[in-house]
Amino acid sequence: MQSTSMTVLAFLLLASAGLAGPVSDKTSDCLNCHTVVSPGIVADWERSLHAKVTPDDALKKPELERRVSADRIPSELTAVVVGCAECHTMSAERHSDTFEHSDYAVHTIVTPANCATCHPTETTQYEQNIMSHAYGNLNNNPLYRDLVNSVNGTQTYVDLKTSLEPPDKETDAESCFFCHGTDIQVKDRVTRETDFGEMEFPVLAGWPNQGVGRLNPDGTKGACTACHTRHEFSIEMARKPYTCAECHKGPDVPAYKVYMVSKMGNIYSSMSDHWSFDNVPWVVGRDFTAPTCAACHASLLVTDDGEVVAERTHRMNDRISWRILGLIYAHPHTKSPDMSLIKNRAGLPLPTELSGEFATEYLIDEKEQAKRRESMQKVCLACHSTQWVDGHYAHFDNTIGTTNEMTLTATQILATAWEKGAAQGLPQSAPIFDEAIEKMWVEHWLFFANSIRYASAMAGADYGVFANGRWYLSKNIQEMVDWLEFKLEGTQKKKK
Amino acid sequence: MQSTSMTVLAFLLLASAGLAGPVSDKTSDCLNCHTVVSPGIVADWERSLHAKVTPDDALKKPELERRVSADRIPSELTAVVVGCAECHTMSAERHSDTFEHSDYAVHTIVTPANCATCHPTETTQYEQNIMSHAYGNLNNNPLYRDLVNSVNGTQTYVDLKTSLEPPDKETDAESCFFCHGTDIQVKDRVTRETDFGEMEFPVLAGWPNQGVGRLNPDGTKGACTACHTRHEFSIEMARKPYTCAECHKGPDVPAYKVYMVSKMGNIYSSMSDHWSFDNVPWVVGRDFTAPTCAACHASLLVTDDGEVVAERTHRMNDRISWRILGLIYAHPHTKSPDMSLIKNRAGLPLPTELSGEFATEYLIDEKEQAKRRESMQKVCLACHSTQWVDGHYAHFDNTIGTTNEMTLTATQILATAWEKGAAQGLPQSAPIFDEAIEKMWVEHWLFFANSIRYASAMAGADYGVFANGRWYLSKNIQEMVDWLEFKLEGTQKKKK
Amino acid sequence: MQSTSMTVLAFLLLASAGLAGPVSDKTSDCLNCHTVVSPGIVADWERSLHAKVTPDDALKKPELERRVSADRIPSELTAVVVGCAECHTMSAERHSDTFEHSDYAVHTIVTPANCATCHPTETTQYEQNIMSHAYGNLNNNPLYRDLVNSVNGTQTYVDLKTSLEPPDKETDAESCFFCHGTDIQVKDRVTRETDFGEMEFPVLAGWPNQGVGRLNPDGTKGACTACHTRHEFSIEMARKPYTCAECHKGPDVPAYKVYMVSKMGNIYSSMSDHWSFDNVPWVVGRDFTAPTCAACHASLLVTDDGEVVAERTHRMNDRISWRILGLIYAHPHTKSPDMSLIKNRAGLPLPTELSGEFATEYLIDEKEQAKRRESMQKVCLACHSTQWVDGHYAHFDNTIGTTNEMTLTATQILATAWEKGAAQGLPQSAPIFDEAIEKMWVEHWLFFANSIRYASAMAGADYGVFANGRWYLSKNIQEMVDWLEFKLEGTQKKKK
């Protein structure tokens, strides 16, 4: 199947498309069919740096400009560009999704372990990123799993009562675990008639998915493609806010919406046509004039003189001192990205008590908070004065406090409802997310308090007031109290 | 009024703006005044292909590149570009809005029948498009008309009771019928002083409007300008998602919002600066790297080799197997775009029973569903593997089922409310959309279940969970049950 | 510290960046350090016209192209570009935030009075703009201040009752007053170690802020930088809708969201890549093919022939006849931008009665309304026929009436609640924004009726129906009536 002439043909085809990179024989074989079968994928890849630059050339770049972090790359990979076969046949023996495909052992899913061949530093950092544990942190926490069930489950109604069936896997896969990542399993093999004859393929449970904490068939966690979109792997795209928005736009984590009403988002929306999104390192003021998500949280930033403003990181909370979308209260970040071991004093798998006190032994200390804050402030200070930055952070700290206070108030109302039997919750060892007042309480912190904190953190005030913030936080307390009153009246009446 | 020199002048003016098309004498007359009176319209038109290409030249293009579908075009039109007069004086005798204007019989509204002169295939397809019946399907269905009234009508309040007055035409015109289309009628003639002396004009009821199912003064239905925005008629614009978003962004049909949090929308937002939006046919992978609304639902798509991936269609559900925003349940598409004849077994003008069963005789069968699905999957497969596409559709099918189940639950709660007299509905022969619990029920399917299905269909998961999807679907059941409990307690008390 | 060679150096550095403007010695001194300390700010400024054009050259432009409105500019400023020192050391003696900084008297905050040196007409217009009074109009109106407190205050819960503490300044500063503007005060001085040794700086309360009605340390009101973003001051940015969206996107004033689903917003989103945003004057049809916020409300617009379509204005309601986001009803605009003196017949600081009647003595009369409407219609008519514009305004006028009617209905329900003691309000001399039904009432006009009016004014129908408009307006009445019923039943029971 492989032949020099075919390789040459593929090479010429690619060269004619403005590509100069030498393609391996294996990849050439892939391209011969897939240019026809999946032209969109191939066209995408042809635009990528993977198709244009060999690892050898990538390694020769000056350190700050380098996009690969490996010191050494296996020699069989260095002289050809990174094509289909380089990734999809790599370490095939470790992949349970590997299958025999036109004489090659191919796996559908490329994992962080594969990417680590050239990008080991990023992979290691990402392993310390909460996102890489997004599957387990959600699915294996019994309390959070209850929340998933209450959101995704099917409710039925008989005799004025509802009951809740847990959701099926497909529903989970296209809701919470779409972003958190699914558990990919080979559940079957299937034979299909194709343009090239009969072929056998694995059937994957949990597929398609590119969630950030995906459990992969080689035992690794995560999907680099969540942000580095296949098959162009454009850094431009990873640096634009739309990529983050795929998972960070809803009312539970409205980072994108807040950004877009901030002055920074306004500058981005209005002026980014004039920016350069491809340069590594990314030069503050020259390449861009306002930060995107990536600039503040991930990218290697330098000044025009080459001074490093921020080191590249793929542990996204390296520059973040508070976890503002924490369940149930804002709190210092957890020490470990794996939160499965956390238990508060009350025995609940939560980083705070229900009263808001921090489960300190699992959380970073003030010194670490200060360090992370300083890293972020270095980014702010590239375009803002110390006065500005100090004032901004004073507002933000205040907001952590006031939103946690307002969450405590809502929690106290809920606790009364439980105590008086108006709802069934912790005291009754019942699920705490399935009744109306419990859902009002969830919105209190998951939507409203979170939104206010995001609006504060990124100075996107508009979102924190009427959009989904203080207005609703304030209204919700009154609605919870009224609900409780209406319910207790009914309860009393029934007792008479 | 017409003179060769004036025509030459107009031609020279246009030529100096980079236009080469020969302009008819009639259009030249229009331009003489309207360049001054409505410069924005003229400037817009000057940018259009209509102003640059004669039908003769348009017909000479290779078939796949052709933007006109007529085999023959009336000879008086072929040698001049498509200017003001070509459209606005065409078939004047059939237009009740025609008026005498500077010695010409001019009509304000250009209709699909006019466009069909050069674009007959598109017009014929569009007649089979549900959109072309959007006026009647809404206005002439007594149940849906009740919904319109309950949304747009004016409520008054006396003695703890509210009552509902039906809305006026102006309110209807700028709400539901803005998108669905109005019924344009000549209601009067008016004489106005203009820059060119006193002139008489028709006064049109229902104007301005460019709704997709507009009833036109020549008896036709629809407005091509709903998507092909006057007067540039840019295919770039029709292919961009913002055009669809004018009507498909709200919570009732959140296609745009779902698309924008999908990976496809992310690629569009991040990378479309690098795409070509003007090419016909539209080349997958080369002209664009992720589909827009048009790519999946309407455009003629080819591969770089010229192989057709999808035929152009203006019957928008040609590639859609399920009607996911159906009232009240998702169901197979209707056979006819005119839904006025549908009656379910219960005698209601609905494509399903209130229990969710399909009114099968009015709906396409499984074979037709399979055919439409296959057409769409051909588009998917240009960039995705069969495995991917199969997995995606398995999720989607599951979602059709679970959302319909959850809608049944809400309907059962409402039915109890009706039975027990807590609300007045079908059993009381009362309107079913005007009371609080009925409105909760409407949100259940019109907002939440729909949103989840859109999120599933286009893999924009974020919108289907907390944004306006499963979270609210789940919460709504609890709120409906509580409302019913509170109401029944009141009812019982009054009975005592 | 100043030296010719350093100035020359700075000049050469800037010249090498494509800048030709001569920099003052003072600004050169600033740049020497700040290029290192705040590279983002300097890079931004280098892109600005301020850095490229001297006032002398700016004054020489033909009148329509001129961006400065001063007849004469102080001679010491005319021959150098507008750099750091020109603005930040101007009128230092009038600024309480002035501090000694490397031998210069520098103030952090540049105010409208400073900008007026070159832009006096705009500053004078802006003083008549409601926005410039946004701080006082909100903070000094006892009723509105109550609303702020109810939104931003902290609620606590004891014994089934809630109580409300007024918000702290930090919370106010990052919510309502982020857009309305804060009251900037020098509260302290602080000494900090910097890269250039120990330095003293003022500590400012209310900082950072760039709200439109900011109270500045020199006694002026407003922040030009709210829209003319520092330090590039790009007219492109001021003309793009994202700038207005920073404050006009939320449900209380959804101008941006409505615009974006209008045909105009669609054209903007789809086609503005082909527009020119930098030209002064701005040419309809040539520079842009659909208006942005600025085009309709502020910019100097001309036709291709140089005929003026609309004069530039910084009094934003010059072309607006109705105040559609008025509290509580839509009403004609107020005569004065300072609304602190308004009292209706009932003695409340409102431009209408609670029944909707206008407090006419404080409002512009019909003649002035007609004049403003005509100014706007001239803009419309550049791209629309008279028929179109008349039809559009007929719809809009109708909507003013119907939304006010629906607000009256909601107000009557609230009044019943107050009368019957189900809530505590005006009759009880209690706050009117803190209880659940009061908050429902606020949403009625602040969110829903407003949204409908915006959707009508800008023909963005989709937002006015299901997004946040008529659907909720209609539902809210039913929910208010039900709340009242549930509450009254409880009240009766307690009385038994």
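Note that these values count all heavy atoms, side chains included, but never hydrogens, waters or copies made by symmetry. Residue numbers begin at 1 in each chain, while the letters A, B, ... track the order of the sequences.
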Candidate list B:Q155, B:E435, B:E438, test side chain to side chain donor-acceptor pair (under 3.5 Å), partner C:Q478, passing option: B:Q155
Residue B:A226 versus chain C: region with a heavy atom under 4.5 Å: backbone
By a 4.5 Å heavy-atom criterion (distance strictly below it), what part of C:A290 contacts chain B: side chain, backbone, both, or neither? neither
Counting heavy-atom pairs under 4.5 Å with chain C, which one of B:S272, B:S38, B:A43 comes out on top? B:S38
If you count heavy-atom pairs within less than 4.5 Å of chain C, which of B:K169, B:R192, B:M440 leads? B:R192
With B:F99, which residues qualify under ring-ring contact (aromatic ring centres under 6.0 Å, His included), at least two apart? B:H101, B:F201
Please state whether the side chain, the backbone, both or neither of B:S234 comes within less than 4.5 Å of a heavy atom of chain C. side chain
Of the listed C:A394, C:A455, C:G464, C:S456, the one with the largest count of heavy-atom pairs under 4.5 Å with chain B is C:S456
If you count heavy-atom pairs under 4.5 Å with chain C, which of B:D273, B:N468, B:N209, B:T162 comes out on top? B:T162
Pick from B:V203, B:L204, B:V253, B:D168 with the largest number of heavy-atom pairs that fall under 4.5 Å of chain C: B:D168
Picking from B:V158, B:L164, B:D434, which has the most non-hydrogen pairs under 4.5 angstrom with chain C? B:D434
Side chain, backbone, both or neither: which part of C:F486 has a non-hydrogen atom closer than 4.5 Å to chain B? side chain
Per-residue contact mode, B:K487 against chain C (heavy atom under 4.5 angstrom): both
Considering only heavy atoms, which portion of C:L381 lies under 4.5 Å from any heavy atom of chain B: side chain, backbone, both, or neither? backbone
For the pair C:Y472 and B:F447, name the ring-plane relationship: parallel under 30°, tilted 30 to 60°, perpendicular over 60°. tilted
For the interface with chain B, which of C:T303, C:I267, C:V284 has the highest count of heavy-atom pairs at distances below 4.5 Å? C:I267
Measure C:T403 against the heavy atoms of chain B and call it side chain, backbone, both or neither at under 4.5 Å. neither
Heavy-atom contact with chain B under 4.5 Å, split by part of C:D304: neither
Tell me whether C:S269 contacts the main-chain N or O of B:Y242 through its side chain, where contact means a donor paired with an acceptor under 3.5 Å. no
With only heavy atoms counted, which part of B:E232 is less than 4.5 Å from chain C, the side chain, the backbone, both or neither? side chain
Where on B:P202 is there a heavy atom nearer than 4.5 Å to chain C: the side chain, the backbone, both, or neither? both
Cationic N near anionic O, under 4.0 Å, C:R470 to B:E174: yes
Checking heavy atoms, do the side chain of B:V37, its backbone, both or neither come under 4.5 Å from chain C? backbone
Can you check salt bridge (Lys or Arg N to Asp or Glu O under 4.0 Å) on C:E479 and B:K439, steps first, answer last? CA-CA 10 Å; C:E479 291 184 332; B:K439 290 173 188 290; over 6 Å; no
